[in-house]
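In what follows, a structure is listed as structure tokens, so that the remarks can point back to it.
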Amino acid sequence: MPTVAVDGVTWRIGAVPIVDDVTLHLEPGEFMALIGPNGAGKTSLFNLISGLRRPSAGRILLDGTDVTGLAPHRRARLGLGRTFQTSAVFGSLTVAENVALAVQARRGGATRAWRRRRDRDIAVRADQILADVRLSERAASLAGSLAHGEKRKLEIALLLAGEPRVLLLDEPMAGVSAEEVPALVSVIRGLTAAGGRSVLMVEHHMDVVLDVADRVAVLHHGALLACDTPGAVMADAFVQEAYLGEQL
Ligand SMILES: Nc1ncnc2c1ncn2[C@@H]1O[C@H](COP(=O)(O)OP(=O)(O)OP(=O)(O)O)[C@@H](O)[C@H]1O
């Protein structure tokens, strides 16, 4: 069963289809990249999957459950996590404090008797997450002092604190310097390594897409032009034609 099923989804503004009859299945443990020229509808499709927008037609399923009518926080509780291009990091707190807060938000309150035990558990989980995103050595630094690539890692850490089974990553390389890209790519590649977590990523850096994606979905004027292995997609005549003269 697909982790995320987008079935015949259309989103219109007035009569104009922004997302046009898209069917896309993200399998457990799969890393899928979503590419397409500016204005192709990538962010709109993310908004439909995460629940910020409701489709004009079609259905969205998470692990077989129809979530088309559910609000974003309900989908988050079902295991859907999303990063945004704008950051949700508290710059005046340390890296570790940011992650601990996110873990605590996920776990909820505790009675006084359980608080010490809970605080210890939260710290342990926050340490694990920081190790997963290779930020352990920056744990005590103020989040506001991080370089762009480190901040992106922290944003991924905050997402992981919600224990998602599906991650929607919106241009994780945006604003990251060339020297920081390999380290961030290796963190991102590792996201699907453990426990069947799935990733859908919008990214304009084609070298990164070809490096990390199991499959690449191509949107063009809101419609799905292709969805296949990176090699097959790059060899596709329609894809090449669609991008002639256009930047991916
Ligand atoms: N709320 C809205 N109202 C009007 N038009 C919109 C709205 N949201 C998106 N659009 C239009 O829909 C089209 C697709 O936009 P979208 O942001 O989804 O594309 P994108 O592929 O994410 O582009 P980019 O790579 O530039 O982020 C664009 O032409 C955009 O102007």
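Remember, predicted model here, so these are calculated numbers, not experimental data. Both counts, for ligands and for their atoms, begin at 1 and track the order of listing.
With I35, N47, I18 as candidates, the residue nearest to atom 11 (C) of ligand 1 on a non-hydrogen basis is I18.
By the 4.0 Å heavy-atom criterion, G36 is excluded from the residues contacting ligand 1. Using 4.0 Å as the threshold, H221 has no heavy atom nearer than that to any atom of ligand 1.
At a 3.5 angstrom cut-off on N or O pairs, E171 does not count as close to ligand 1. Every N/O-N/O distance between I13 and ligand 1 stays at or above 3.5 Å.
By the salt bridge (charged side-chain N to carboxylate O under 4.0 Å, His left out) test, D63 pairs with R165, sequence neighbours left out.
Between L61 and P2 there is no side-chain heavy-atom pair separated by less than 4.5 Å. Side chains of R197 and L160 form a contact here, defined as non-hydrogen atoms less than 4.5 Å apart.
For residues 12-34, the set of pairs meeting the side chain to side chain donor-acceptor pair (under 3.5 Å) definition, not counting sequence neighbours, comprises D7-H25, E30-R215.
Under the 4.5 Å side-chain heavy-atom criterion for ILVMFWY residues, no single connected hydrophobic cluster contains both L146 and L142. Hydrophobic clustering places L48 together with L70 (ILVMFWY residues linked when any side-chain heavy atoms are closer than 4.5 Å, directly or through intermediates).
Every atom of ligand 1 with a heavy atom of A40 under 4.0 Å away is listed here by number and element: 19 (O), 20 (P), 21 (O). The contact set between ligand 1 and T43, taken as ligand atoms under 4.0 Å from a residue heavy atom, comprises 17 (O), 18 (O), 20 (P), 22 (O), 27 (O). Interface atoms of ligand 1 facing H204, defined by a heavy-atom separation under 4.0 Å, are 25 (O). Every atom of ligand 1 with a heavy atom of S44 under 4.0 Å away is listed here by number and element: 9 (C), 15 (O), 16 (P), 18 (O). Near R53, the atoms of ligand 1 lying under 4.0 angstrom from a non-hydrogen atom of the residue are 1 (N).
The existence of a salt bridge linking K153 and E150 is excluded, since no basic side-chain nitrogen approaches an acidic carboxylate oxygen closer than 4.0 Å.
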